[in-house]
Chemist: 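This is the structure, below, for whatever I ask next.
Proteins come first, then strands; the chains are lettered A, B, ... in the order of their sequence lines, and each starts at number 1. The analysis underlying the following values was restricted to heavy atoms, covering all of them including side chains, and did not include hydrogens, waters or symmetry mates.
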Amino acid sequence: TLLGFVLTDLPINSSALQSMLTGAVTRSFNCISVDGDMSTNDTICMLANGAIDTPVIDESSPDFQKVSSQVTEFAKNLAQLVVRDGEGATKFVTVNVKNSAEFKDARLIAESISNSMLVKSALYGQDANWGRILCAIGYSKLENCKSLDESKINVSFIATDGSSPQELKLIANGVPQLDIDESRASEILALSDLEVLVDLGTGTEECQFWTCDLSHEYVTINGDYRS
Amino acid sequence: SSASKTLDKYALFVPKSGVFPKGYEVASLASGVKKNGALDLGVIRNVNKSRKSSAAAVFTTNRFKAAPVQFSRKVLDISSGEGVDAIVVNSGCANAVTGELGMQDAENVASQVNKYVGEQNSTLLMSTGVIGQRLQMDKISTGIDKLFIENKFSSDFGSWLNLAKSICTTDTFPKLISSKFSLSDGTEYTLVGISKGAGMICPNMA
């Protein structure tokens with residue numbers, strides 16, 4: 001179960017606060033996955049008590065967008081901690097889908113990759129299994145193919161430790177790179193923080209999802225949770 | 001598995017200090033619901049009275065919504081998100097799929113806190129843990145009395161960290177972050193956030 005709350009001492013009216021929280025959660029807590037299961041209890045709430053002496057913020061206030069952005073970035077940091085603590089997780093994985101025609105499509109594709117047990121198993125095993133990533137993109141529940149053009153798609157692993165080359169291309173313009181540098185792939189996949197980059201090349205929208213690998217430990221933890 | 005064990009996540013991700021928003025106090029204790037005697041009950045209260053507080057929330061879209069989810073939604077509907085001054089969190093029991101009795105338990109927990117806070121419809125609830133078991137109301141109720149009567153509330157770092165621990169289940173570390181921000185005119189304000197979760201995680205809240 002995911003639970004969380006954000007508290008502030010700003011004065012924000014309840015309508016603006018709900019809008020702010022909903023926007024933040026759309027790009028943070030609703031973009032994480034450990035195991036693809038949704039709880040009966042997931043809740044994120046936010047309180048604003050107005051202890052700071054400043055005018056009340058509503059949707060028309062000049063600072064509404066600024067505070068909304070700050071709350072969103074803050075919520076992303078808080079949400080990412082949940083993924084880092086994923087049951088049995090050894091890796092924190094950012095799935096970055098960019099240049100999509102539609103945000104919702106970028107989100108669906110990112111979610112599909114993030115929830116794939118086979119992708120997550122491969123990441124745990126440090127196997128550069130681009131076929132599983134492409135497979136997960138292919139069955140994502142898109143309404144149409146506006147955002148997904150097989151001839152334009154690029155898929156890469158991105159090194160997060162500053163080492164070079166930073167990007168290891170797995171698929172370029174729809175063509176699998178069969179001569180992948182396996183030793184470089186192993187170096188990148190050995191990192192505890194990974195990034196999978198999917199460039200759809202069909203627009204300008206992007207979505208980041210955060211997930212983790214799937215290890216033996218996950219089953220151990222969940223085999224006897226109730227008893 | 002070995003890689004997992006080499007990462008000391010507690011040392012990496014748990015802060016050693018924090019900055020906290022004005023006007024909040026928190027308290028937590030081990031009520032006895034968790035079998036290992038760990039912290040499992042926490043309360044956040046707003047003590048700022050200069051203005052009415054505002055509240056907002058998003059909840060699971062799972063069709064089987066737990067009692068605290070249904071209850072908190074009702075509180076926000078009735079209050080229009082105004083004057084919510086307390087949040088009660090408990091771990092070890094999710095109070096989910098517990099039917100009418102679960103709703104009564106949730107209402108009783110909130111009523112007890114509302115009395116201490118002094119306002120109706122001013123308490124939100126969050127529960128996490130095993131599904132399909134009722135709250136151990138004797139332990140929860142005794143715990144809430146203890147927190148308020150013995151005034152266990154504080155705004156120091158240790159109290160916030162303990163609150164974060166009190167909602168953990170299979171989490172290996174408490175999740176607490178805080179930061180100061182500025183408005184356009186330079187006025188500083190503070191955000192503090194606490195979350196929990198390690199498994200059954202793919203939320204789609206609305």
Chemist: I need the A:F5 CZ to B:I44 CD1 distance, nearest 0.5 Å.
Modeler: 3.0 Å
Chemist: What residues of residues 52-62 of chain B sit under 4.5 Å from chain A when only non-hydrogen atoms are counted?
Modeler: B:S53, B:S54, B:A55, B:A56, B:A57, B:V58, B:F59, B:T60, B:T61, B:N62
Chemist: Looking at B:N95, B:T128, B:L124, B:V97, which makes the most heavy-atom pairs under 4.5 Å with chain A?
Modeler: B:T128
Chemist: Please flag which part of B:S127 lies under 4.5 Å from any non-hydrogen atom of chain A: side chain, backbone, both or neither.
Modeler: both
Chemist: State the CE-OG distance between B:M205 and A:S28, to the nearest 0.5 angstrom.
Modeler: 7.0 Å
Chemist: Less than 4.5 Å apart, any side-chain heavy atom of B:C202 and any of A:D37?
Modeler: no
Chemist: Grab the two heavy atoms, one from A:R84 and one from B:K9, that are nearest each other, plus how far apart they are.
Modeler: O-NZ, 2.7 Å
Chemist: Which bit of A:I221 is near chain B, if near means a heavy-atom gap under 4.5 Å: side chain, backbone, both or neither?
Modeler: side chain
Chemist: Side chain from CB out, backbone as N, CA, C, O: work out which of these in A:V83 comes under 4.5 Å of a heavy atom of chain B, or both, or neither.
Modeler: neither
Chemist: Quick check on the interface: out of A:L17, A:D53, A:D85, A:V34, who has the most heavy-atom pairs with chain B under 4.5 Å?
Modeler: A:D85
Chemist: Strictly less than 4.5 Å between heavy atoms, which residues of residues 67-83 of chain B line up against chain A? Please order them by number.
Modeler: B:P68, B:V69, B:S80, B:G81, B:E82
Chemist: So how far is it from B:N46 CG to A:L7 CG, rounded to the nearest 0.5 Å?
Modeler: 9.0 Å
Chemist: Under a 4.5 Å heavy-atom cutoff, which of B:F64, B:F173, B:Y24, B:F20 has the most pairs with chain A?
Modeler: B:Y24
Chemist: Minimum heavy-atom separation for B:K22 to A:D9, with atom names?
Modeler: N-OD2, 3.0 Å
Chemist: Nearest 0.5 Å, please: how far is CG in A:L47 from CG in B:N48?
Modeler: 12.0 Å
Chemist: For the NZ atom on A:K76, are there more than 12 heavy atoms of other groups (residues, nucleotides or ligands in this structure) within a distance under 6.0 Å?
Modeler: yes
Chemist: If you count heavy-atom pairs under 4.5 Å between each of B:L176, B:L12, B:I131, B:I87 and chain A, which one has the most?
Modeler: B:I87
Chemist: Using a cut-off of under 4.5 Å for heavy-atom pairs, which of A:D35, A:L21, A:V6, A:I12 has the most such pairs with chain B?
Modeler: A:D35
Chemist: What residues form a ring-ring contact (aromatic ring centres under 6.0 Å, His included) with A:F103, not counting sequence neighbours?
Modeler: none
Chemist: Does any heavy atom of chain B fall under 4.5 Å from the side chain of A:D213, the backbone, both, or neither of them?
Modeler: neither
Chemist: For each of A:T54, A:L2, A:I44, tally heavy-atom pairs with chain B at distances under 4.5 Å, and name the one with the top tally.
Modeler: A:I44
Chemist: Taking only heavy atoms into account, what residues of residues 187-201 of chain B are found under 4.5 Å from chain A?
Modeler: B:T187, B:E188, B:Y189, B:T190, B:L191, B:V192, B:G193, B:I194, B:S195, B:K196, B:G197, B:A198, B:G199, B:M200, B:I201
Chemist: I'd like to verify something: which residue of A:M20, A:K91, A:K66 has the highest number of heavy-atom pairs under 4.5 Å with chain B?
Modeler: A:K66
Chemist: Other residues, nucleotides and ligands only: do more than 12 of their heavy atoms fall within 6.0 Å of NZ on A:K104?
Modeler: yes
Chemist: With respect to chain A, which residue among B:G132, B:S182, B:A206 yields the maximal number of heavy-atom pairs within a distance under 4.5 Å?
Modeler: B:S182
Chemist: Less than 4.5 Å to any heavy atom of chain A: does that hold for the side chain of B:I177, its backbone, both, or neither?
Modeler: both
Chemist: Is it the case that more than 12 heavy atoms not belonging to B:K115 sit under 6.0 Å from its NZ atom?
Modeler: no
Chemist: So which residue, A:I32, A:I57, A:D42, ends up with the most heavy-atom pairs under 4.5 Å with chain B?
Modeler: A:D42
Chemist: State the CG-OG distance between B:N204 and A:S33, to the nearest 0.5 angstrom.
Modeler: 11.5 Å
Chemist: For B:V47, is it the side chain, the backbone, both or neither that has a heavy atom under 4.5 Å from a heavy atom of chain A?
Modeler: neither
Chemist: Could you tell me which portion of B:L163 (side chain, backbone, both or neither) has an atom closer than 4.5 angstrom to a non-hydrogen atom of chain A?
Modeler: side chain
Chemist: CD of B:E119: more than 12 outside heavy atoms within 6.0 angstrom?
Modeler: no
Chemist: Hey, what do you get for CG (B:L183) to CG (A:L10), rounding to the nearest 0.5 Å?
Modeler: 5.5 Å
Chemist: Counting only non-hydrogen atoms closer than 4.5 Å, does A:V25 touch chain B with its backbone (N, CA, C, O), its side chain (CB onward), both, or neither?
Modeler: side chain
Chemist: Just wondering, more than 12 heavy atoms not from B:K16 lying within 6.0 Å of its NZ?
Modeler: no
Chemist: Begin with the C-alpha distance, continue with both residues' side-chain angles, and end with the deciding distance and a verdict on side chain to side chain contact (heavy atoms under 4.5 Å, CB included) for B:F181 and A:V67.
Modeler: CA-CA 9 Å; B:F181 297 89; A:V67 175; over 6 Å; no
Chemist: Shorter than 4.5 Å, heavy atoms on both sides: which option in A:A79, A:S15, A:A51, A:C31 has the most such pairs with chain B?
Modeler: A:A51
